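As the structure is a computational prediction, the values presented were derived from the model and not from experiment.
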Amino acid sequence: MRIAAAAALLALISIPTTTIPAAANAATTCRTVSAKVAMTAGGAADQRVAGTLCLPRGRAASVQLLIPGGFYGQAYWQMRGDRRRPSFVETMTAAGYATLAIDRLGTGASSYPPSARFQQDTHQIVIRQLIRQLREGRLGGPRFAKVVLVGHSLGSTLARTLAAAHPAEVDGVILTGESSVPNEAAFEQMGAGIYRAADDPRFADRGLDDGYLTTRPGLRATWFYHRPNADPEVIAADEAAKTTDVFPPGDSYTPPSINKSIQAPVLIVNGEHDKLLAGARSSSAALRSQEAPFYGPRARLEAIVVPGTGHVLNAHRTAPRWFAQAREWADRRVGGAAR
């Protein structure tokens, strides 16, 4: 889903570390972080954004800030579409990159402020402050010299909007599940499957106001998946892990005309069967040709179409394919992996 919103991140508190298996021959240390945030620039830091910072063995100079899409939280980046293969986080940390996956305000383990307090650029301001904290080493990890924004769907819109507005602050951008040609009719149809979180038994006792929404049962399987390449157990786990979201007033989709301002390398990754996209999905070359006019030369634009895949790329059996391609892109275009 697409939204946009506003906040200022002021302080971050680390919670004790745990060690999790990442991938072959890699020891990854992950710690949860809780970021105090203000919902308006210069406002009171009375909310918190939850995240998980994972550090590879050795000292990484590059970190990937992972931004989930609408109705998803940080767990999206730990999903295994192929349950026998590593997740996105595990793939990148095994390659020597640090990752910070976040829950946006109103989702996951983060704060749930009244929906009326959300401004259209809240999430972007939060992300910008996270970038600063990562560069300053204030999240329980080292000072990172390079920050790559990795988004999915709404998260991609937020990533490219911030990269365009503040090009000097971003060293690379990976955009997934989003393009210059959204399927507006599909978004309208999907809207029938979204309702008040207060009407969902899972969230009915949370005291959330009417601005908090969530997906009706079955929406995710219908709109987000290409079922021939999706494990039914993964779809069920996705449904069980759904979260709420808030869509502030105004158009949540930033037009692609801003993309010319992005000065960092850009990789676009979309699924061949993404129902929410109306543009080129027949091949990687076709997708790049469609998107190239919106980017300048410094973006060194690359594009990948993942065959047999729907909107939530990480949750399909094909996920390891694009994870490997993104890892190779990061090595070649950004660097900074621990060695």
Test item: [X] and [Y] side chains (from C-beta on) under 4.5 Å apart, heavy atoms:
| X | Y | answer |
| --- | --- | --- |
| L175 | L267 | no |
| L213 | V246 | no |
| V334 | W329 | yes |
| L100 | Q64 | no |
| Q47 | K36 | no |
| V306 | R281 | no |
| P265 | R300 | yes |
| L53 | R31 | yes |

- Query: Quick one: does S110's side chain have a donor or acceptor within less than 3.5 Å of a partner on D103's backbone?
  - Reply: yes
- Donor-acceptor pair, R104 side chain versus G69 backbone, under 3.5 Å?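 Here the side-chain-to-backbone pair exists.
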- Message: Counting only heavy atoms not in R298 (residues, nucleotides, ligands), do more than 12 fall under 6.0 Å from its CZ?
- Response: no
Going by an N to O cut-off under 4.0 Å, is there a salt bridge joining [X] and [Y]?
| X | Y | result |
| --- | --- | --- |
| E136 | R143 | no |
| R80 | E90 | yes |
| E302 | R332 | yes |
| R132 | E169 | no |

- Query: Using 30° and 60° as the class limits, which term best fits the ring planes of F71 and F247: parallel, tilted or perpendicular?
  - Reply: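 Ring orientation, 0 to 90° scale: tilted.
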- Query: How far apart are the closest heavy atoms of I268 and E178, and which atoms are they?
  - Reply: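 Looking at all heavy atoms of both residues, the closest pair is CG2-O, 4.0 Å.
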- Query: Going through the checks in order, is the side chain to side chain donor-acceptor pair (under 3.5 Å) test met by S87 and Q78?
  - Reply: CA-CA 5 Å; S87 67; Q78 284 284 11; 2.9 Å; yes
For the residue pair [X] and [Y], is the inter-centroid distance of their aromatic rings smaller than 6.0 Å?
| X | Y | result |
| --- | --- | --- |
| W322 | F88 | yes |
| H226 | H311 | no |
| Y112 | Y212 | yes |

- Item | Distance-only side-chain donor-acceptor flag, S115 / D209, under 3.5 Å |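 D209 and S115 do have a side-chain donor-acceptor pair below 3.5 Å.
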- Message: Between S180 and E291, do the side chains contain a donor N or O and an acceptor N or O under 3.5 Å apart?
- Response: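 Yes, because at least one side-chain N or O of E291 sits under 3.5 Å from a partner of the opposite role on S180.
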- Cluster check L287, L277: I/L/V/M/F/W/Y, side chain < 4.5 angstrom: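 Shared cluster, no.
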